[in-house]
> 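Handing you a structure now.
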Amino acid sequence: FIGAMGKSAQFPLHVWLPDSMEGPTPISALIHAATMVTAGIFMVARMSPIYELSDTALNFILVIGSITALFMGFLGIIQNDIKRVIAYSTLSQLGYMTVALGASAYSVAVFHLMTHAFFKALLFLGAGSVIMGLHHNQDIRWMGNVRKYMPITWITFVLGTLALIGTPLFSGFYSKDSIIEAVHFSHLPAAGFAHFAVLAGVFVTSFYSFRLYFLVFHGQERYEQNPDAHHGHHDDHHDDHAAHDDHGHHGHHGDGKPHESPWVVTLPLVLLAIPSVLIGYFTIEPMLFGDFLKDAITIDAVKHPSLAEFAAEFHGPLAMAQHGLTTPPFWLALAGAVSAWYMYLVNPAVPAFFARVLRPLIVILENKYFMDWINENILAKAARGLGLGLWKGGDRGIIEGAVVNLSWKIVGAVAGLVRRFQTGYLYTYAFWMIAGVLAFMIYFVQLAK
């Protein structure tokens with residue numbers, strides 16, 4: 001499972017994923033949202049017979065998933081790079097999948113893996129389209145009102161966002177609410193904390209998603225301040241040249257306004273938006289309660305009845321969506337969206353006020369809980385220190401010094417001693433023979449007495 005934590009970016013082995021967003025956006029969409037990072041989830045689901053034997057392992061998985069789902073969501077709130085917000089969202093959603101695994105709802109985890117792949121790839125490619133339309137600026141503080149210029153990107157991005165926050169009937173609703181329900185029915189000790197984390201995570205997800213959405217697609221246009229904004233900005237190492245590019249681009253586009261991306265970019269957005277809306281409705285029954293995964297996943301229904309209890313409550317996708325409008329996750333998601341709307345469109349003084357009042361908390365978040373610092377200054381230094389100790393002490397000291405060098409030194413010393421007796425002169429040998437005979441005679445005389 002620790003391998004799965006590294007591969008599927010679970011706390012505390014998650015730090016690599018947001019940094020991988022420096023790469024090209026299609027890579028982010030395919031590899032870091034849909035295929036590679038979900039390999040750990042897949043592996044645990046396939047190894048369900050082994051995990052079912054250990055409640056300790058399942059509790060551990062629940063706790064790790066809960067921490068990732070909630071605390072990585074918090075980091076999404078303070079990011080300014082459009083791709084990093086979505087990257088932290090991916091971490092949070094991978095946490096949800098891990099929670100489902102811990103609740104023994106393996107099929108729910110794989111279901112969320114599948115629905116998430118569509119809407120997260122859509123959001124990444126939508127972000128890529130926005131970045132292209134804004135002449136390779138990635139900082140959401142210098143965007144705004146993009147929907148006026150990029151209608152296709154805008155509408156597909158909205159659909160992806162609605163799927164991500166779990167709007168009833170959208171694909172994300174079915175998989176996310178199924179996870180929340182599965183945890184709710186779980187009897188493991190850690191399930192209480194996990195249930196709190198995934199519920200709080202719904203609000204957080206909705207809040208950072210709509211913060212991103214409103215800052216990018218609504219509000220006043222903040223493109224012109226962009227060129228000098230990036231110098232010294234710590235988040236994006238590659239934005240300095242992007243900022244200079246803007247001066248060159250302004251000539252082509254008149255006033256540097258955004259422009260809709262070509263069809264080669266927008267067509268995939270449309271093709272991903274369709275399953276982001278529909279796929280959950282059509283696949284929830286076969287994937288969770290049908291035979292689709294029956295040979296691939298084994299659950300001990302006596303010890304871990306959460307999925308069976310959820311199945312008893314399930315009356316089809318339509319009934320689930322109707323019921324979904326009355327549940328806490330729906331109201332939390334709505335509250336998150338409304339909060340983001342109020343704070344980033346109606347009254348921007350509120351986030352500024354929080355930034356002042358909660359400064360220590362913001363510092364912790366901006367430093368990503370100091371995980372990078374711990375990795376560099378504690379773990380890396382300890383590893384280097386261990387390596388140095390093994391090299392200087394172990395290799396140089398014990399192996400070379402004691403074992404290798406000492407052995408030949410002893411041989412040399414013994415040889416040097418023995419050499420003194422092997423002179424090659426006849427009289428030396430005669431002397432030793434006489435001395436030997438004398439010694440024998442004294443010995444035997446002593447015995448005879």
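All residue numbers refer to positions in the sequence shown, counting from 1.
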> Check Lys303 against Leu53 and note the closest heavy-atom contact, atom names and distance.
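Between these two residues, the closest heavy atoms are NZ-O, 3.9 Å.
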> Looking only at atom types and distance, does a side-chain atom of Trp16 sit under 3.5 Å from a main-chain N or O of Gly6, one as donor and one as acceptor?
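Yes; at least one donor-acceptor contact below 3.5 Å.
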> In sequence, state the C-alpha distance, the side-chain angles, and the governing distance for Thr205 and Lys176, and then conclude on side chain to side chain contact (heavy atoms under 4.5 Å, CB included).
CA-CA 11 Å; Thr205 302; Lys176 198 173 193 172; 3.5 Å; yes
> Ignoring hydrogens and geometry, is there a side-chain-to-backbone donor-acceptor pair from Gln10 to Ser8 under 3.5 Å?
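Yes: the side chain of Gln10 pairs with the backbone of Ser8.
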> Minimum heavy-atom separation for Ala190 and Val63, please, with both atom names.
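Residues Ala190 and Val63, closest heavy atoms: CB-CG2, 3.8 Å.
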> Hey, could you give me the CD1/OG1 distance between Ile155 and Thr266, rounded to the nearest 0.5 Å?
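Result: 13.5 Å between the selected atoms.
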> Please assess Gln138 against Val130 for the test side chain to side chain contact (heavy atoms under 4.5 Å, CB included), listing each intermediate value before the final yes or no.
CA-CA 8 Å; Gln138 294 192 0; Val130 171; over 6 Å; no
> Where the side chain of Thr283 meets the backbone of Ile279, is there a donor-acceptor pair that is under 3.5 Å apart?
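Confirmed, Thr283 side chain pairs with Ile279 backbone.
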> Check the angle between the aromatic planes of His195 and His184 and answer parallel, tilted or perpendicular using the 30° and 60° thresholds.
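Aromatic pair His195/His184 classed tilted.
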> Can you find a side-chain donor-acceptor pair between Thr115 and Ser175 that sits under 3.5 Å?
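A donor-acceptor contact under 3.5 Å links the two side chains.
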> Tell me whether the count of non-hydrogen atoms from other residues, nucleotides or ligands lying under 6.0 Å of CG in Leu388 goes above 12.
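More than 12 within 6.0 Å, yes.
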> Whether the side chain of Asn347 engages the backbone of Met343 through a donor-acceptor N/O pair (distance < 3.5 Å, no angle test) should be reported.
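It does not hold such a pair.
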> Passes side chain to side chain contact (heavy atoms under 4.5 Å, CB included), Tyr208 versus Tyr88? Steps please.
CA-CA 10 Å; Tyr208 65 64; Tyr88 280 108; over 6 Å; no
> How long is the span from the CE atom in Met287 to the OG atom in Ser107, to the nearest 0.5 Å?
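OG of Ser107 is found 7.5 Å from CE of Met287.
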> Take the angle between the ring planes of Phe71 and Tyr369 and call it parallel below 30°, perpendicular above 60°, tilted in between.
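Ring orientation, 0 to 90° scale: perpendicular.
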> Show the nearest heavy-atom pair for residues Leu199 and Pro329, with the distance to one decimal.
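Between these two residues, the closest heavy atoms are CD2-CG, 3.9 Å.
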> Pro286 versus Asp291: any side-chain heavy-atom pair under 4.5 Å?
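No; the side chains remain at least 4.5 Å from each other.
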> Before you tell me yes or no, could you show the steps for Ile140 and Met143 under side chain to side chain contact (heavy atoms under 4.5 Å, CB included), namely the whole-Å CA-CA distance, both residues' side-chain angles and the distance that decides it to 0.1 Å?
CA-CA 5 Å; Ile140 58 177; Met143 296 186 184; 4.1 Å; yes
> Examine Phe289 together with Phe310 and report whether their ring centres are nearer than 6.0 Å.
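Yes, ring centres under 6.0 Å apart.
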> Scan side-chain atoms only and decide if Thr153 and Glu260 contain a donor-acceptor pair under the 3.5 Å cut-off.
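Result is yes, a qualifying pair exists.
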> Check whether Ser54 reaches the backbone of Tyr51 with its side chain - one donor and one acceptor, N or O, closer than 3.5 Å.
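No: the side chain of Ser54 does not pair with the backbone of Tyr51.
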> Could you tell me whether a side-chain N or O of Ser306 sits under 3.5 Å from a main-chain N or O of Ala103, the two making a donor and an acceptor?
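Confirmed, Ser306 side chain pairs with Ala103 backbone.
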> Under 4.5 Å between any side-chain heavy atoms of Leu332 and Ser206, yes or no?
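Result no, sub-4.5 Å side-chain heavy-atom pair not found.
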> Does some side-chain heavy atom of Thr98 sit less than 4.5 Å from a side-chain heavy atom of Thr68?
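No. Closest side-chain heavy atoms not under 4.5 Å.
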> Does some side-chain heavy atom of Tyr96 sit less than 4.5 Å from a side-chain heavy atom of Val202?
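Answer yes - side chains close enough.
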> Does CZ in Phe196 sit with more than 12 non-hydrogen atoms of other residues, nucleotides or ligands closer than 6.0 Å?
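Count not over threshold, so no.
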> Give the minimum heavy-atom separation between Phe119 and Ser171, together with the two atoms involved.
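What the structure gives for the nearest pair is CD2-OG, 3.8 Å.
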> Any non-hydrogen side-chain atom of Thr327 less than 4.5 Å from a side-chain atom of Asp177?
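When only atoms from C-beta onward are counted, Asp177 and Thr327 do touch, with a gap below 4.5 Å.
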> Are Arg84 and Asp139 ion-paired here, with the side-chain N under 4.0 Å from a carboxylate O?
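So Arg84 does not pair with Asp139 through a salt bridge.
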> For a quick check under 3.5 Å, do Tyr213 and Trp154 share a side-chain donor-acceptor pair by atom type?
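Their side chains do contain a donor-acceptor pair, which is all the 3.5 Å distance test asks for.
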> Does Thr167 use its side chain to pair, donor to acceptor, with the backbone of Ala163 at less than 3.5 Å?
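Looks like no, no N/O pair under 3.5 Å.
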> Within a reach of under 6.0 Å around CZ of Phe1, are more than 12 heavy atoms found that belong to other residues, nucleotides or ligands?
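More than 12 heavy atoms, drawn from other residues, nucleotides or ligands, come within 6.0 Å of this atom.
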> How about Trp331: does its CH2 atom have over 12 heavy atoms from other parts shown lying under 6.0 Å from it?
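Incorrect, the count does not exceed 12.
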> Which pairs with one or both residues in residues 146-175 pass salt bridge (Lys or Arg N to Asp or Glu O under 4.0 Å), sequence neighbours excluded?
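Applying salt bridge (Lys or Arg N to Asp or Glu O under 4.0 Å) to every pair that reaches into residues 146-175, excluding sequence neighbours, yields Lys148-Glu221.
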> Would you please indicate if the ring centroids of Tyr174 and Phe111 are separated by under 6.0 Å?
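Judged by ring-centre distance (under 6.0 Å), Tyr174 and Phe111 do not meet the cut-off.
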> Roughly how far, to the nearest 0.5 Å, is OG of Ser339 from OH of Tyr344?
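With rounding to 0.5 Å, OH (Tyr344) is 10.0 Å from OG (Ser339).
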> So, Ser186 side chain and Val183 main chain: donor-acceptor pair closer than 3.5 Å or not?
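Not at all, since once roles are kept as given, no pair shorter than 3.5 Å links the two residues.
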> From Phe207 CZ over to Ile165 CD1, what is the distance, rounded to the nearest 0.5 angstrom?
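Interatomic distance, Phe207 CZ to Ile165 CD1, rounded to 0.5 Å: 13.0 Å.
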> With a 3.5 Å cut-off and no angle check, do the side chains of Glu52 and Tyr106 form a donor-acceptor pair?
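Glu52 vs Tyr106: donor-acceptor pair found between side chains.
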> Minimum heavy-atom separation for Lys83 and Ser28, please, with both atom names.
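Taking every non-hydrogen atom into account, NZ-OG, 3.1 Å.
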> Under 4.5 Å between any side-chain heavy atoms of His259 and His135, yes or no?
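When only atoms from C-beta onward are counted, His135 and His259 do touch, with a gap below 4.5 Å.
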> Heavy atoms only: give me the nearest Val265-Ser129 pair and the separation to one decimal.
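In this case the closest contact between Val265 and Ser129 is CG1-CB, 3.7 Å.
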> Which distance, rounded to the nearest 0.5 Å, do you find between the CZ of Phe118 and the CG of Leu271?
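Interatomic distance, Phe118 CZ to Leu271 CG, rounded to 0.5 Å: 11.0 Å.
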> Can you find a heavy atom in the side chain of Leu13 that is under 4.5 Å from one in the side chain of Lys7?
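In short, these two side chains do not touch, never coming nearer than 4.5 Å.
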> With a 4.5 Å limit on heavy-atom distance, are the side chains of Met21 and Thr25 in contact?
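Side chain of Met21 against side chain of Thr25, heavy atoms only: no contact under 4.5 Å found.
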> May I ask you to decide if Ala33's main-chain N or O and Thr90's side chain share a donor-acceptor pair within less than 3.5 Å?
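Absent.
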> Could you tell me the separation between the CG atom of Leu318 and the CG atom of Leu169, rounded to the nearest 0.5 Å?
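Interatomic distance, Leu318 CG to Leu169 CG, rounded to 0.5 Å: 7.0 Å.
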